[in-house]
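Below: one structure, written as structure tokens.
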Amino acid sequence: MLSHSSKSTPHFSNDPLTDMLQGLRLDGVEYGRCQLAAPWAFTFPARQEACFVFVAENGCSLLTPDQQWVQLSAGDAVLLPRGSAHALASHPDATAQPFPRWQCKALTRNIFDFNAGGEDEACLLFYGSMRFNLDHLHPLMRMMPDIMHANDLLKNEPTIMHLLEAMSSEVAMKRVGACGILARLADVLAAQIIRAWVEHGCGQTTGWIAAVRNPEIGHVLAAIHASPQRDWSLSELAKLMGASRSSFASKFAAIVGETPARYVAQVRMHQARQWIIRDSARISEVAQRLGYESEASFSRAFKRVIGEAPSYFRTEREGRTVPTAKGTAARNANAKMP
């Protein structure tokens with residue numbers, strides 16, 4: 001049985017999206033500025049990191065993960081939260097080749113500049129990759145679509161121009177500390193892409209987008225993600241929404257797509273997985289953090305959600321291969337959830 005400590009109600013802003021993004025962290029992998037004159041076309045394979053593209057000048061075409069061509073204009077931004085395979089081209093008919101990362105000019109450790117193409121007017125892109133602090137199987141990541149397309153980001157976010165000018169300046173001037181500064185600027189850009197997409201770019205009525213748009217459910221999700229170590233009861237969550245337990249449970253399931261208990265269990269166990277893999281926490285310590293009376297009861301709950309015992313993920317500290325999110329997803333496809 002779980003303990004019921006830490007009963008104080010957390011305080012949240014009037015913006016559920018802000019509350020949820022506060023718990024979402026990004027660590028930059030690499031960033032680049034690409035000036036590409038038509039004709040050009042490059043493919044990008046699937047990767048573990050999230051990818052973002054911002055079209056600063058002129059336009060190009062994007063081949064989405066579901067093999068549909070989408071026209072991007074100056075001011076458009078795209079974020080692929082799961083790093084899905086995609087392609088960028090001056091025109092869909094252009095002959096594509098793998099992006100020649102080895103031809104990029106390294107400005108600092110993880111910042112590059114790239115110029116290619118023909119003699120026509122150049123398209124200016126900012127391209128980057130980053131890691132979320134959540135793995136791909138985390139409920140919040142699973143509710144995100146494969147691609148977020150924020151149309152007219154410059155029009156809807158007028159301050160973005162100053163951010164892009166700062167990014168361009170850091171790339172061009174090669175100053176001390178440019179790598180860290182550009183990483184932080186790119187993190188802000190990615191957060192703005194998510195926000196703009198939520199506010200202007202999608203009309204979904206279920207799932208993550210509907211959840212964060214809904215002022216009642218959005219605050220509940222923010223509370224769960226802000227305190228995953230807490231043993232949230234149905235009554236506590238219903239109280240946050242100001243509704244009866246039955247009314248809350250029904251509305252939560254209709255918007256999020258699963259029951260509150262199942263969602264809370266997933267958030268808690270994926271947090272436990274992060275503690276074990278990222279922080280090298282002992283299983284007994286993780287069990288105690290989550291309020292379990294014994295390591296055995298925690299391990300059983302963990303396996304029901306994740307599909308493997310927590311000890312399975314200690315292999316990283318022992319120098320062996322840790323399962324990827326993709327591999328674990330395949331194994332867990334039919335796993336029984338609580």
Side-chain angles (χ1 to χ4, degrees), residues 1-7 9-10 16 19-20 23-24 132-144 206-208 210-212 216-241 243 245-246 248-279 281 283-314 323 325 328-338:
M1 180 179 292
L2 298 178
S3 66
H4 290 266
S5 58
S6 303
K7 291 291 184 179
T9 301
D19 293 328
M20 295 186 74
L24 202 60
F132 284 97
N133 62 328
L134 309 176
D135 65 51
H136 291 190
L137 297 180
H138 191 281
L140 181 56
M141 295 298 293
R142 287 194 295 105
M143 281 197 288
M144 289 185 181
T206 60
W208 186 76
V212 296
E216 298 171 329
I217 297 299
H219 284 306
V220 173
L221 290 181
I224 294 171
H225 285 274
S227 302
Q229 74 281 358
R230 182 167 174 169
D231 176 21
W232 291 100
S233 69
L234 184 63
S235 295
E236 288 177 304
L237 296 175
K239 184 178 179 180
L240 285 177
M241 198 181 91
R245 294 194 303 171
S246 59
F248 162 71
S250 177
K251 187 168 186 176
F252 187 98
I255 293 178
V256 177
E258 52 194 339
T259 66
R262 180 170 176 171
Y263 189 84
V264 168
Q266 291 180 65
V267 171
R268 285 165 58 81
M269 294 308 155
H270 281 286
Q271 178 62 69
R273 185 173 181 263
Q274 285 290 294
W275 284 336
I276 293 169
I277 294 177
R278 183 191 61 206
D279 302 338
I283 295 174
S284 58
E285 177 187 350
V286 174
Q288 185 177 18
R289 286 188 197 179
L290 292 178
Y292 281 85
E293 296 177 347
S294 70
E295 183 177 325
S297 60
F298 161 69
S299 295
R300 288 193 296 270
F302 185 95
K303 188 172 183 178
R304 282 198 302 270
V305 175
I306 303 298
E308 302 284 357
S311 57
Y312 182 76
F313 295 93
R314 296 179 61 186
T328 305
R331 287 192 299 273
N332 293 349
N334 298 312
K336 182 179 179 180
M337 302 297 292

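Heads up: numbering here begins at 1 and tracks the sequence.
To the nearest 0.5 Å, atoms CD (Gln271) and CZ (Arg268) are separated by 10.5 Å. Separation of atoms CG (Leu221) and OH (Tyr263) is listed at 5.0 Å; rounding is to 0.5 Å. Between the CD atom of Gln266 and the CD1 atom of Ile306 there is a distance of 8.0 Å, given to the nearest 0.5 Å. Here the straight-line distance linking atom NZ of Lys303 with atom OH of Tyr312 works out to 11.5 Å at 0.5 Å rounding. Rounding to the nearest 0.5 angstrom, the gap separating the CE atom in Met269 from the CH2 atom in Trp275 is 10.0 Å.
Every side chain to side chain contact (heavy atoms under 4.5 Å, CB included) that Glu295 has, sequence neighbours left out, goes to Ile283, Ser284, Ser299. Contacts of Ser294 classified as side-chain hydrogen bond (donor to acceptor under 3.5 Å, both in side chains), with partners at least two apart in sequence or in another chain: Ser297. In terms of the side chain to side chain contact (heavy atoms under 4.5 Å, CB included) criterion, residue partners of Ser235 (sequence neighbours excluded) are, by chain and number, Ser233, Arg245.
Nearest heavy atoms, Leu290 versus Pro228: CD2-O, 3.9 Å. Summarising the geometry of Phe252 relative to Ile217, their closest heavy-atom pair is CA-CD1, 3.9 Å, with the distance given to 0.1 Å.
In this structure, the side chains of Phe313 and Phe302 come closer than 4.5 Å at one or more pairs of heavy atoms. By the 4.5 Å heavy-atom criterion applied to side chains, Asp279 and Gln274 are not counted as neighbours.
Residues in residues 283-292 take part in these salt bridge (charged side-chain N to carboxylate O under 4.0 Å, His left out) pairs, two or more places apart or across chains: Glu285-Arg289.
The main-chain N or O of Pro260 is never found under 3.5 Å from a side-chain atom of Trp232 such that the two would form a donor-acceptor pair.
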